[in-house]
Engineer: 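Here it is: the structure, laid out below.
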Amino acid sequence: MAMTAVFFWAAAGVATLTVFIHVFLGGAKFVRPFLAVEMEPGLKWLAYLMWHLGTVSTLFIALGFAAGAVHPEHADYAAIATAGAAGFVCVALFTAVKSGLSPLRFPVIPMFSLVTGLGLAGLFV
């Protein structure tokens with residue numbers, strides 16, 4: 001197996017692990033308590049929608065890396081997945097700075113930094 005495929009499979013694995021953490025641990029720790037909070041329904045359900053869009057987006061990132069690993073001629077899928085992961089890191093860093101919260105409070109930063117790094121390694125090895 002080429003090193004490119006190894007890095008892409010690793011990125012796909014970390015992204016898939018992120019999906020499971022997001023759905024099962026994040027759902028229990030953040031979504032259930034959030035949905036119990038009294039607030040304007042439109043805002044509440046918009047946030048719930050955004051949670052699920054994050055889940056689906058991360059799954060597609062994992063699939064992009066898997067496609068690049070299985071079919072080296074589709075490294076462009078992995079490049080798009082790398083850009084998506086890097087975009088998540090940038091948005092999370094911006095949000096941390098804007099909110100005044102420590103970036104350490106955003107699990108998306110280390111997880112997607114790792115995915116981005118693995119994707120870049122696969123693209124440039």
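Remember, predicted model here, so these are calculated numbers, not experimental data.
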Engineer: Show the atom names and distances, to 0.1 Å, of all donor-acceptor pairs under 3.5 Å that link a side chain in residues 103-110 to residues at least two apart or in another chain.
Structural biologist:
none

Engineer: Can you name the closest pair of heavy atoms from Ala62 and Thr16 and give their distance?
Structural biologist: CB-OG1, 3.5 Å
Engineer: Without swapping roles, check the side chain of Lys44 against the backbone of Leu35 for a donor-acceptor pair under 3.5 Å.
Structural biologist: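 Indeed, once roles are kept as given, a pair shorter than 3.5 Å links the two residues.
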Engineer: Run the numbers on Phe88 and Val115 for side chain to side chain contact (heavy atoms under 4.5 Å, CB included), then give the verdict.
Structural biologist: CA-CA 10 Å; Phe88 281 11; Val115 171; over 6 Å; no
Engineer: State plainly whether one hydrophobic cluster holds both Leu53 and Phe60, where clusters connect Ile, Leu, Val, Met, Phe, Trp and Tyr through side-chain heavy atoms under 4.5 angstrom apart.
Structural biologist: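 Each belongs to a different hydrophobic cluster.
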Engineer: Please report, to 0.1 Å, the donor-acceptor pairs under 3.5 Å made by any side chain of residues 74-82, with sequence neighbours excluded.
Structural biologist:
from	atom 1	to	atom 2	distance (Å)
Thr82	OG1	Ala78	O	2.8

Engineer: What pairs of donor and acceptor atoms, side-chain ones from residues 8-15 against any protein atom, are under 3.5 angstrom apart with sequence neighbours left out?
Structural biologist:
none

Engineer: Assign the ring pair Phe30 / Trp51 to parallel, tilted or perpendicular, where the plane angle (0 to 90°) is split at 30° and 60°.
Structural biologist: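 Aromatic pair Phe30/Trp51 classed tilted.
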Engineer: Please name the pair of heavy atoms, one in Thr4 and one in Val125, separated by the smallest distance, quoted to 0.1 Å.
Structural biologist: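 Thr4 and Val125 have their closest heavy atoms at OG1-O, 3.9 Å.
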Engineer: Please give me the minimum heavy-atom distance between Ala69 and Pro72, naming the atom from each residue.
Structural biologist: O-CD, 4.4 Å
Engineer: Should Leu63 and Phe65 be counted in the same cluster of Ile, Leu, Val, Met, Phe, Trp and Tyr side chains packed under 4.5 Å apart?
Structural biologist: no
Engineer: For residues Met39 and Leu49: do they belong to one hydrophobic cluster (side chain heavy atoms under 4.5 Å, members Ile, Leu, Val, Met, Phe, Trp, Tyr)?
Structural biologist: no
Engineer: Please evaluate residues Met111 and Thr58 with respect to the criterion side chain to side chain contact (heavy atoms under 4.5 Å, CB included), reporting the C-alpha separation (whole Å), side-chain torsions for both, the decisive distance (0.1 Å), and the verdict.
Structural biologist: CA-CA 11 Å; Met111 294 298 282; Thr58 305; over 6 Å; no
Engineer: Where do Phe112 and Ile61 land on the side chain to side chain contact (heavy atoms under 4.5 Å, CB included) test, with the steps shown first?
Structural biologist: CA-CA 10 Å; Phe112 282 103; Ile61 286 171; 4.1 Å; yes
Engineer: Is there a path from Val70 to Val6 through hydrophobic residues (I, L, V, M, F, W, Y) whose side chains come within less than 4.5 Å of each other?
Structural biologist: yes
Engineer: Under a 4.5 Å side-chain heavy-atom rule over Ile, Leu, Val, Met, Phe, Trp and Tyr, are Leu59 and Leu17 clustered together?
Structural biologist: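 No, it is not one cluster - the side chains of Leu59 and Leu17 are not joined through contacts under 4.5 Å.
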Engineer: Around atom CE of Met50, are there more than 12 heavy atoms of other residues, nucleotides or ligands at under 6.0 Å?
Structural biologist: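 No - once you tally the heavy atoms of other residues, nucleotides and ligands closer than 6.0 Å, there are 12 at most.
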Engineer: Determine whether the aromatic ring centres of residues Tyr48 and Trp45 are separated by less than 6.0 angstrom.
Structural biologist: yes
Engineer: Count the heavy atoms belonging to other residues, nucleotides or ligands that lie under 6.0 Å from CZ of Phe20, then report whether that count exceeds 12.
Structural biologist: no
